[in-house]
Amino acid sequence: MRLESVEDLPDLWKETYDLVAQVPEGKVTTYGEVAKALGDVVASRFVGLAMSRNDDIVRVPCRRVVQSDGMIGGYTGGGPEKKITLLRHEGIRIRGTRILDFDKVLFTDFISNRPLRDLKARQLALRKRLSLGMLATDIRQVAGIDVAYEDDHAFASLVLFDYSSGEEVGRFTSEGDAKFPYVPTYLAFREIPVIRSLMRRVPGGTIVMFDGNGILHPEGFGVTSQIGVVFGVPTIGVAKKLLCGEVGKVSSDGVANVRLKGKTVGHAVFRGLGAKPVYVSAGHGLSPSQALEVTLKFAKRRVPEPTRVAHLAAEDARRRAKSK
DNA sequence: GCGACAG
DNA sequence: ATCTTGTCGC
């Protein structure tokens, strides 16, 4: 039960700062090592972001976090020169912008409960409830949902379309703080909390289209699948960039299979020659072919209407709040 | 230097 | 995702 919850999330920012606080004077570590201590190397860029936002350089020695190749890396509090000066003062030997005896001064012995490993386990637990069979019998509406950010303040919007006419029939927005950062393949933990209130407005007989992948994901369980399972609604994932997998040969209708580990897990939809595709995959509660069919029905442009309009609405809410 | 990981 | 002006093209 607790395992499957998407609430009660770890404070990844705090955990990161606590880890870096463990690096002793005279030692350095790397963004990737801190990420591994968090539970997954994919978070290494987030570690860099967290260091750049560090506001307590006494407790959290972000100067001691460097690149995995021994290069010094950047330093928000005064540039690389400042970082070099500070580290030399701590006994680290540096030539140019490279650390000498890197293996001797590298600290990796973190004490950590690896929060991302737990989140991955929650993801896998939720995945057991994934179904790619027909969940909704009669589809009356398609909803597009998207989130825009002003730093970590989120503006989410839901736009409803009538399935047969394709006309917009309603829209809602909400806002709140995103407490969890963006980490590739953990997107659901960032976005599910901020769309929760909107999901209550999704009528029965609605397919939800979301900006992000469904089963086109390293674990076969992207943000859109997780949303589908958590809220018990059929979902379709539409991503603008490829997260993983390989795109096959484009057929005459402008559609190509996307394969992962030998299986077709989604489709690249090209609108026009030489154009960038969008990557469509089933989220939950419907079949891959049904996901493609519904998407094509709303694909007047590159990005299908529900997701495209929801994006505009969320962006609109963000800009209105900003200028206020 | 290239490739690179949704939003 | 966000930071950003004008500009090229269907």
Side-chain angles (χ1 to χ4, degrees), chain A residues 6 12 31-32 35-36 38-49 52-53 67-69 71 116 119-120 123 144-157 175-195 208-228 235-247 258 260 265-283 291 295 300-304 307-308 310-319 321-323:
Chain A
V6 291
L12 216 61
Y31 301 98
K36 279 192 265 180
L38 284 171
D40 198 330
V41 269
V42 296
S44 51
R45 285 179 303 181
F46 158 67
V47 173
L49 175 67
S52 76
R53 292 192 190 173
Q67 295 177 189
S68 60
D69 57 3
M71 297 301 281
L116 289 178
L119 291 187
K120 184 66 74 182
Q123 229 171 38
I145 293 184
D146 195 33
V147 185
Y149 292 93
E150 183 67 36
D151 290 322
D152 284 324
H153 194 65
F155 298 85
S157 77
E175 62 179 286
D177 286 316
K179 288 159 190 154
F180 197 85
Y182 170 68
V183 177
T185 77
Y186 296 82
L187 179 58
F189 298 105
R190 177 171 176 77
E191 306 223 312
I192 285 182
V194 305
I195 66 167
V208 171
M209 198 175 277
F210 197 78
D211 211 335
N213 294 300
I215 61 173
L216 174 41
H217 179 274
E219 268 71 52
F221 198 65
V223 59
T224 305
S225 294
Q226 200 163 325
I227 288 169
T235 56
I236 298 171
V238 181
K240 293 178 287 296
K241 287 192 282 191
L242 195 60
L243 172 63
C244 56
E246 302 144 21
V247 180
V258 178
L260 190 62
V265 294
H267 300 277
V269 176
F270 295 81
R271 313 263 8 180
L273 266 101
K276 280 188 190 176
V278 290
Y279 304 93
V280 179
S281 59
T295 303
K300 295 200 292 200
R301 331 210 185 173
R302 178 169 105 100
V303 177
T307 266
R308 191 182 72 83
H311 178 78
L312 293 174
E315 184 62 13
D316 213 53
R318 181 180 79 87
R319 285 219 284 264
K322 194 177 179 179
S323 65

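Numbered from 1 within each chain, the chains take letters A, B, ... in sequence-line order. As the structure is a computational prediction, the values presented were derived from the model and not from experiment.
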Asker: Who pairs with Asp152(A) by side-chain contact (heavy atoms from CB on, under 4.5 Å), at least two apart in sequence or on another chain?
Answerer: Trp13(A), Arg53(A), Arg190(A)
Asker: Any base atoms under 4.0 Å from Asp151(A), or only sugar-phosphate, or nothing? Heavy atoms, all strands.
Answerer: nothing
Asker: So, using side-chain hydrogen bond (donor to acceptor under 3.5 Å, both in side chains) as the criterion, who are the partners of Tyr279(A) when residues are at least two apart?
Answerer: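 Checked Tyr279(A) against side-chain hydrogen bond (donor to acceptor under 3.5 Å, both in side chains); zero matches.
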Asker: Would you say a side-chain N or O of Lys240(A) is under 4.0 Å from OP1 or OP2 of dA6(B)?
Answerer: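 Checking dA6(B) against Lys240(A), no side-chain N or O comes under 4.0 Å of OP1 or OP2.
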Asker: Please tell me if the side chains of Ile195(A) and Phe210(A) come closer than 4.5 Å, counting only heavy atoms from C-beta onward.
Answerer: yes
Asker: Given that both pair distances must be under 3.5 Å and the pair must be Watson-Crick or G-U, what runs of three or more consecutive pairs involve DNA chain C?
Answerer: none
Asker: So, Thr307(A) side chain and Gly144(A) main chain: donor-acceptor pair closer than 3.5 Å or not?
Answerer: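 Judged by distance alone, no pair lies under 3.5 Å.
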Asker: With a non-hydrogen cut-off below 4.0 angstrom, is Asp211(A) in contact with a base, only sugar-phosphate, or nothing?
Answerer: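 Since only primed, P, OP1 and OP2 atoms lie under 4.0 Å of Asp211(A), the category is sugar-phosphate.
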Asker: On DNA chain C, which is the earliest and which the latest nucleotide, 5' to 3', with an atom closer than 4.0 Å to a heavy atom of chain A?
Answerer: dA1(C) to dC3(C)
Asker: Which word best sums up how the rings of Tyr186(A) and Phe189(A) line up, parallel for under 30°, tilted for 30 to 60°, or perpendicular for over 60°?
Answerer: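 Aromatic pair Tyr186(A)/Phe189(A) classed tilted.
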Asker: Would you sketch DNA chain B in dot-bracket for me? Only Watson-Crick or G-U wobble pairs with both distances under 3.5 Å count, crossing pairs as [ ], other-strand pairs as |, the rest as dots.
Answerer: .......
Asker: For Asp151(A), give me all partners under side-chain contact (heavy atoms from CB on, under 4.5 Å), at least two apart in sequence or on another chain.
Answerer: none
Asker: Going by the side chain to side chain contact (heavy atoms under 4.5 Å, CB included) test, name the single residue among Val269(A), Thr295(A), Val278(A) that passes it with Val303(A).
Answerer: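 Testing Val303(A) for a side chain to side chain contact (heavy atoms under 4.5 Å, CB included) against Val269(A), Thr295(A), Val278(A) leaves exactly one candidate, Val278(A).
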Asker: Assess whether atom CD of Glu150(A) is packed by more than 12 heavy atoms of other residues, nucleotides or ligands within 6.0 Å.
Answerer: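 Buried by this count: over 12 neighbours within 6.0 Å.
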Asker: Does Asp40(A) reach the side chain of Val183(A), with side-chain heavy atoms less than 4.5 Å apart?
Answerer: no
Asker: Do other residues, nucleotides or ligands put more than 12 heavy atoms under 6.0 Å from Lys240(A) NZ?
Answerer: yes
Asker: Between CD1 of Ile236(A) and OG1 of Thr224(A), what distance do you get to the nearest 0.5 Å?
Answerer: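 Reported value, rounded in 0.5 Å steps: 9.5 Å.
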Asker: Whole-Å distance between dG7(B) C1' and Glu191(A) CD?
Answerer: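 Rounding to the nearest Å, CD of Glu191(A) and C1' of dG7(B) are 5 Å apart.
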Asker: Within the 4.0 Å heavy-atom criterion, would you say Tyr186(A) contacts the bases, only the backbone, or no part of the nucleic acid?
Answerer: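 If one applies the 4.0 Å heavy-atom cut-off, Tyr186(A) turns out to touch a base.
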Asker: Taking atom C1' of dG7(B) as reference, at what distance in whole Å does atom CG of Leu216(A) sit?
Answerer: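 That distance rounds to 14 Å.
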Asker: At under 4.0 Å between heavy atoms, what does Arg301(A) touch on the DNA or RNA strands: base, sugar-phosphate, or nothing?
Answerer: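 Since no nucleic acid heavy atom lies under 4.0 Å of Arg301(A), the category is nothing.
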Asker: Report which part of the nucleic acid Thr185(A) touches: base, sugar-phosphate, or nothing (heavy-atom distance under 4.0 Å, all strands).
Answerer: base
Asker: Checking all strands, does Tyr149(A) fall into the base, sugar-phosphate, or nothing category for heavy-atom contacts under 4.0 angstrom?
Answerer: sugar-phosphate
